[in-house]
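Notes to accompany the following structure.
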Amino acid sequence: MSSSPLSLPTLAGERITLRAWRGTDAAVVMEASQDPLIPLLTSVPTTSGEPEALAFIERQHNRLLERAGYAFAVADRDGTAIGHIGLFLIPGGSARASAGYWIPGSHRRQGFASDALNTLTSWAVTL
C-alpha cells in the first residue's frame with residue numbers, strides 16, 4: 001500500500017457537491033456545534049467559536065494526509081457548505097470503510113443527506 005496522502009475528488013450529486021473543506025466553511029461547523037447530538041457523535045467541537053471550527057476543518061484535511069479517510073464538505077448548488085460526510089478507512093488492509101455524516105438543523109429534511117450518501121457510496125465502490 002502506498003504511503004502517499006490520499007487525493008480528495010470533487011463529486012457531484014443530484015442536488016449537492018462533495019468537496020474539500022475550506023476555511024470559509026466555518027459557519028456551518030459553528031452551527032453544528034450548537035446541535036444537541038452532532039458534537040456528541042462526531043468530532044465537531046462543543047464550542048461554537050471560529051477557532052474551534054477552523055481546527056475541525058484542519059482535522060478533516062489531516063485525514064487525507066494520515067490516510068485515515070476522505071472527509072468532504074457537503075455543499076448546496078450555490079457552493080455553500082451545509083454539512084459533512086466522510087468515508088473512513090478501517091485499518092488492516094481489509095478494504096473496509098465506514099461512512100459518517102451530519103447536516104445541521106437548518107438544512108435537514110431537504111434530501112441533502114441522502115443525496116450525499118448516495119453520491120459518496122457510488123464513488124466509494126469504484127475505489
Side-chain angles (χ1 to χ4, degrees):
M1 174 157 50
S2 170
S3 62
S4 62
L6 301 174
S7 175
L8 191 75
T10 298
L11 306 172
E14 290 183 26
R15 300 180 57 222
I16 55 86
T17 299
L18 304 182
R19 60 161 172 80
W21 279 95
R22 302 172 184 155
T24 56
D25 297 331
V28 74
V29 179
M30 291 187 294
E31 180 184 352
S33 72
Q34 298 303 297
D35 188 276
L37 291 177
I38 292 173
L40 290 176
L41 302 171
T42 71
S43 64
V44 170
T46 57
T47 55
S48 63
E50 187 175 30
E52 294 88 348
L54 292 172
F56 169 85
I57 291 168
E58 184 63 26
R59 285 194 303 275
Q60 304 322 301
H61 293 283
N62 287 339
R63 293 179 191 278
L64 288 171
L65 298 172
E66 297 165 359
R67 301 189 59 78
Y70 303 87
F72 296 90
V74 178
D76 64 14
R77 288 185 178 143
D78 295 329
T80 303
I82 57 168
H84 167 82
I85 193 163
L87 182 71
F88 307 105
L89 307 177
I90 297 174
S94 61
R96 294 180 355 163
S98 65
Y101 59 91
W102 54 259
I103 304 289
S106 66
H107 298 292
R108 288 187 189 137
R109 295 182 179 84
Q110 299 176 50
F112 295 127
S114 62
D115 191 8
L117 191 56
N118 287 333
T119 302
L120 179 73
T121 55
S122 294
W123 169 76
V125 298
T126 68
L127 293 178

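When reading the values below, keep in mind they use all heavy atoms of this one structure, side chains included, and skip hydrogens, waters and symmetry mates.
- Counting only distance, with no hydrogens or angles, the side chain of D115 and the backbone of G111 share no donor-acceptor pair below 3.5 Å.
- Formation of a donor-acceptor pair under 3.5 Å by the N62 side chain with backbone atoms of L65 is not found in this model.
- Looking only at atom types and distance, the side chain of E52 has no donor-acceptor partner in the side chain of S33 under 3.5 Å away.
- Taking each heavy atom of A73 and A20 in turn, the nearest pair found is CB-O, 4.2 Å.
- Taken together through direct or relayed side-chain contacts under 4.5 Å among Ile, Leu, Val, Met, Phe, Trp and Tyr, I85 and L6 form part of one hydrophobic cluster.
- Using cut-offs of 30° and 60° for the angle between ring planes, the W102 and F56 rings count as tilted.
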Task: From CA spacing to verdict: side-chain contact (heavy atoms from CB on, under 4.5 Å), H84, F72 - done: CA-CA 6 Å; H84 167 82; F72 296 90; over 6 Å; no

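- Tracing side-chain contacts under 4.5 Å through hydrophobic residues (I, L, V, M, F, W, Y), one never reaches Y101 starting from I57; they form parts of separate clusters.
- Distance alone, capped at 3.5 Å, places no donor-acceptor pair between the D78 side chain and the T80 backbone.
- Looking at R96, its side chain never comes within 3.5 Å of a backbone N or O of L89 through a donor-acceptor pair.
- Within a 6.0 Å radius of CD in Q34, other residues, nucleotides and ligands contribute more than 12 heavy atoms.
- A distance of 10.0 Å separates CZ in R22 from NE2 in H61, rounded to the nearest 0.5 Å.
- Across all their heavy atoms, T46 and P39 have their closest contact at CG2-CB, 3.7 Å.
- Distance alone, capped at 3.5 Å, is enough to place a donor-acceptor pair between the R19 side chain and the G79 backbone.
- Listed here is the closest heavy atom pair of A53 and P45: N-CG, 4.4 Å.
- Rounded to the nearest 0.5 Å, atoms CG (D25) and CD (Q60) are 11.0 Å apart.
- Residue P104 comes nearest to G83 through the heavy atom pair CD-CA, 4.2 Å, listed as atom of the first residue, atom of the second, then distance.
- Hydrophobic clustering, with ILVMFWY side chains joined whenever heavy atoms are under 4.5 angstrom apart, groups L127 together with L18.
- Put simply, the side chain of E14 does not reach to within 4.5 Å of the side chain of S114, judged on heavy atoms.
- Side-chain atoms of I16 and Q110, non-hydrogen and from C-beta on, never get closer than 4.5 Å to each other.
- Annotation: cation-pi pair R15/F112 present, NZ/CZ under 6.0 Å from the ring centroid and within 45° of its normal.
- Of the inter-residue distances, the one linking S122 atom OG with L117 atom CG reads 9.0 Å to the nearest 0.5 angstrom.
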Task: Candidate pair L11 and T17, rule side-chain contact (heavy atoms from CB on, under 4.5 Å), full reasoning - done: CA-CA 6 Å; L11 306 172; T17 299; over 6 Å; no

- [ ] Decide yes or no on side-chain contact (heavy atoms from CB on, under 4.5 Å) for W21 and V28, but give the supporting numbers first.
- [x] CA-CA 11 Å; W21 279 95; V28 74; 3.7 Å; yes

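- By the criterion of side-chain heavy atoms lying less than 4.5 angstrom apart, applied directly or through intervening Ile, Leu, Val, Met, Phe, Trp or Tyr residues, L120 is grouped together with V74 in one hydrophobic cluster.
- Under a hydrophobic clustering in which Ile, Leu, Val, Met, Phe, Trp and Tyr are joined whenever their side-chain heavy atoms come within less than 4.5 Å, directly or via other members, M30 and L40 fall into different clusters.
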TODO: Decide yes or no on side-chain contact (heavy atoms from CB on, under 4.5 Å) for E31 and S48, but give the supporting numbers first.
DONE: CA-CA 7 Å; E31 180 184 352; S48 63; over 6 Å; no

